[in-house]
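Input: a single structure, listed below in structure tokens.
Only heavy atoms go into these numbers, but all of them, side chains included; no hydrogens, no water, no symmetry mates. Below, chains carry the letters A, B, ... as their sequence lines are ordered, and counting in each starts from 1.
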Amino acid sequence: MEVFRKLFQTWGPQHWWPGRTRLEIIVGAILTQNTNWANVEKAITNLRRKRLLSLHALLTFPESTIAQAIRPAGYYNQKAKRLKAFASFLERTYGGSLRRMFSDTTPQLRQRLLSVPGIGPETADSILLYAGRRPVFVVDAYTRRVMQRHGWIRGNETYEDLAALCQQALPADVQLLNELHALLVRLGKTHCRTRPRCPGCPLEKLLPPDGPLM
DNA sequence: GTCCTGGCTA
DNA sequence: TAGCCGGGAC
């Protein structure tokens with residue numbers, strides 16, 4: 001909570017997730033895997049312009065057509081496959097209804113999302129939090145790096161370990177978890193980069209005496 | 001050349 | 001655990 005307060009006091013609300021619809025948020029969550037968001041926006045713009053941003057289109061258009069549209073997001077062949085995998089999952093499991101999907105319980109839906117090829121824990125949790133408004137903490141590479149550099153974890157924890165650790169330390173508040181993940185991403189892009197830039201960091205006073213650990 | 005709101009496979 | 005996917009921005 002101290003981390004959240006410091007980050008929020010410094011940068012304020014981050015206005016995530018910038019998607020128009022729940023489907024668009026889910027598509028964005030898949031497209032942004034290991035990819036800069038600016039490139040995802042280009043891909044989503046292409047999908048919209050080509051009328052591919054619908055469940056029906058994702059189900060019916062050939063994978064190669066989807067791939068061409070999302071090319072700016074990188075990994076376009078893999079991601080085209082993943083978008084179609086999610087679309088067929090939604091059709092098969094919930095009759096194509098996002099409303100039915102999001103009326104499922106969080107643990108049940110999470111388990112089912114993880115069974116979709118191309119949806120791992122971070123993508124599943126992003127979907128739950130940002131499209132489903134469920135109080136879920138999203139762990140990402142920045143989260144791990146920030147915690148490791150401050151000596152709060154050993155570094156060999158699994159995704160589920162870190163998620164449990166953070167959930168436990170935080171209230172189950174959708175808005176807070178929404179902002180916190182976005183703020184941690186901002187922190188990772190500005191200060192907690194591959195090479196740390198601690199001077200001026202909102203968390204500078206939380207550093208161990210000898211500085212960052214890695 | 002490095003990095004980007006990961007996940008799958010061998 | 002390493003290698004792979006990959007274009008775009010810097």
Below the 4.0 Å mark, does C:dC4 have OP1 or OP2 next to a side-chain nitrogen or oxygen of A:Y75? no
Do you see a donor-acceptor pair shorter than 3.5 Å between the side chains of A:T65 and A:K50? no
Any N or O donor-acceptor pair linking the side chain of A:T35 to the base of B:dG6 at under 3.5 Å? no
A:T32 has a side chain; which of C:dG7, C:dG6, B:dT5 sits nearest to it? B:dT5
Of A:P121 and A:T194, the one whose nearest nucleotide on DNA chain B sits closer to the 5' end is A:T194
Residue-phosphate contact under 4.0 Å: A:N34 side-chain N/O, B:dT5 OP1/OP2: no
Using the P atom as the point on both nucleotides, what is the distance between C:dC4 and B:dG1, in whole Å? 16 Å
If you measure from the P atom in B:dT9 to the same atom in C:dG6, how many Å do you get, rounded? 14 Å
C1'-based separation of C:dG3 from B:dT5 [nearest Å]: 22 Å
Is it true that the side chains of A:Q148 and A:R154 contain a donor and an acceptor less than 3.5 Å apart? no
With ring-ring contact (aromatic ring centres under 6.0 Å, His included) as the rule and sequence neighbours excluded, what pairs involving residues 7-35 of chain A come up? A:F4-A:F8, A:W16-A:Y130, A:W16-A:H181, A:W17-A:W37, A:W17-A:Y130
Among side-chain atoms of A:Y94 and A:R112, is any donor-acceptor pair under 3.5 angstrom? yes
Closest of B:dT5, C:dG8, C:dC5 to the A:K189 side chain is B:dT5
N or O in side chain of A:Y76 less than 4.0 angstrom from C:dC5 OP1/OP2: no
